[in-house]
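Here is the structure we will look at.
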Amino acid sequence: MQRTYEIMFIVRPDILDEDLDKLIAGLEANITQGGGSIKAMEKLGRRKLAYTVKKFNDGNYVLLTINADGSLVGEIERRLRVSEPVIKFISVRMDEEEKRVAKIKAIRATRKKLSAQPAATPAAPVEPAAVPAPATEAASA
Amino acid sequence: MADETSTPSAPSTSRPEGSGPGGPGGRPPGGRPSGPGGGGRKFFRRKKVCKFCVEKIDAIHYRDVRLLQQFVAERGKIVPRRLTGVCTTHQRGLARAIKQARNIALLPFAARY
């Protein structure tokens, strides 16, 4: 079953740009061969790490958004673990979260129509309230 | 004992507006009828609102460090709900996102001194 996953990994900072591109290309080839598809690839660039990982204090962050089977994700995780320049990775399943957000958005869209109608009515009571105030002033004066 | 327990309950029943901000452990639903003002006796306690509900942030993602950092204490701890005012549902998602961010070294497990 195809699901949406996000795989973020950190590559050691002393890697060359060409090697990084090669590494990503290799991973993408693995994903497509395994029956998955790549939705997006983003290089987030060099960032300072919050804590030291394998004696490195910064790293190159790469984010892959893919459609894949669970078994394929397991295989990619294995590859990331084996590949030497990758110092850390995380894979997160996104489809349920996306579904939930879409549902909330749909509910909010239906609510907006209802709230638009009562918004017009509060404007009317303001004017009658404003009229008696000058009337009492005039009576006192 | 019996007198002490009965006396605080009496003013709260007679004046429901004062019970919310007055009681230190007062739950947010109790303070709701007092509205935005709700002046306490000595100190004025502003009613806390969930940032995610107010700003309508649906997905709490582990990638937006800026957002998550607001809910992490100086030493890297997750700030409890009672201090931040985040609602239960969002706190759950927030905690998950913070833990994921920690795992990928976007947030620290414990800040160094």
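A note on names: the letters A, B, ... follow the listed sequences, proteins ahead of strands, and every chain is numbered from 1.
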Self-check item: Contacting region of B:Tyr62 [heavy-atom separation from chain A under 4.5 Å]
Solution: side chain

Self-check item: Residue B:Leu107 versus chain A: region with a heavy atom under 4.5 Å
Solution: backbone

Practice problem: Quick one: closest heavy-atom pair of A:Asp69 and A:Gln2, and the distance? | Solution: OD1-NE2, 3.6 Å

Quiz item: If you measure from the Lys or Arg side-chain nitrogens to the Asp or Glu carboxylate oxygens, is any gap between A:Glu18 and A:Lys22 under 4.0 Å?
Solution: no

Quiz item: A:Ile87 versus chain B, heavy atoms under 4.5 Å apart: side chain, backbone, both or neither?
Solution: neither

Quiz item: Does atom CZ of B:Arg96 have more than 12 heavy-atom neighbours, drawn from other residues, nucleotides or ligands, at distances under 6.0 Å?
Solution: no

Practice problem: Flag the one option from A:Glu98, A:Lys105, A:Lys88 with the top tally of heavy-atom pairs under 4.5 Å to chain B. | Solution: A:Lys88

Quiz item: Which pairs count as salt bridge (Lys or Arg N to Asp or Glu O under 4.0 Å) when at least one residue sits in residues 67-89 of chain B, sequence neighbours excluded?
Solution: none

Quiz item: Which bit of A:Tyr61 is near chain B, if near means a heavy-atom gap under 4.5 Å: side chain, backbone, both or neither?
Solution: side chain

Quiz prompt | Under 4.5 Å from a heavy atom of chain B, the part of A:Ile104 involved | solution = side chain

Quiz item: Do you know which of A:Val53, A:Ile10, A:Leu44 has the most heavy-atom pairs with chain B at a distance under 4.5 angstrom?
Solution: A:Ile10

Self-check item: A:Glu96/A:Lys99 salt bridge by N-O under 4.0 Å criterion
Solution: no

Quiz item: Is there a donor-acceptor contact under 3.5 Å from the side chain of A:Arg46 to the main chain of A:Asp58?
Solution: no

Exercise. Heavy-atom distances under 4.5 Å only: say whether B:Arg102 touches chain A with side chain, backbone, both or neither.
Key: backbone

Quiz prompt | Proximity breakdown for B:Ile60 and chain A, heavy-atom pairs closer than 4.5 Å | solution = backbone

Quiz item: Could you state the interatomic distance from CG (B:Leu106) to CD (B:Gln69), rounded to the nearest 0.5 Å?
Solution: 9.5 Å

Quiz item: Looking at B:Val65, B:Ile104, B:Asp58, B:Asn103, which has the largest count of heavy-atom pairs under 4.5 Å with chain A?
Solution: B:Ile104

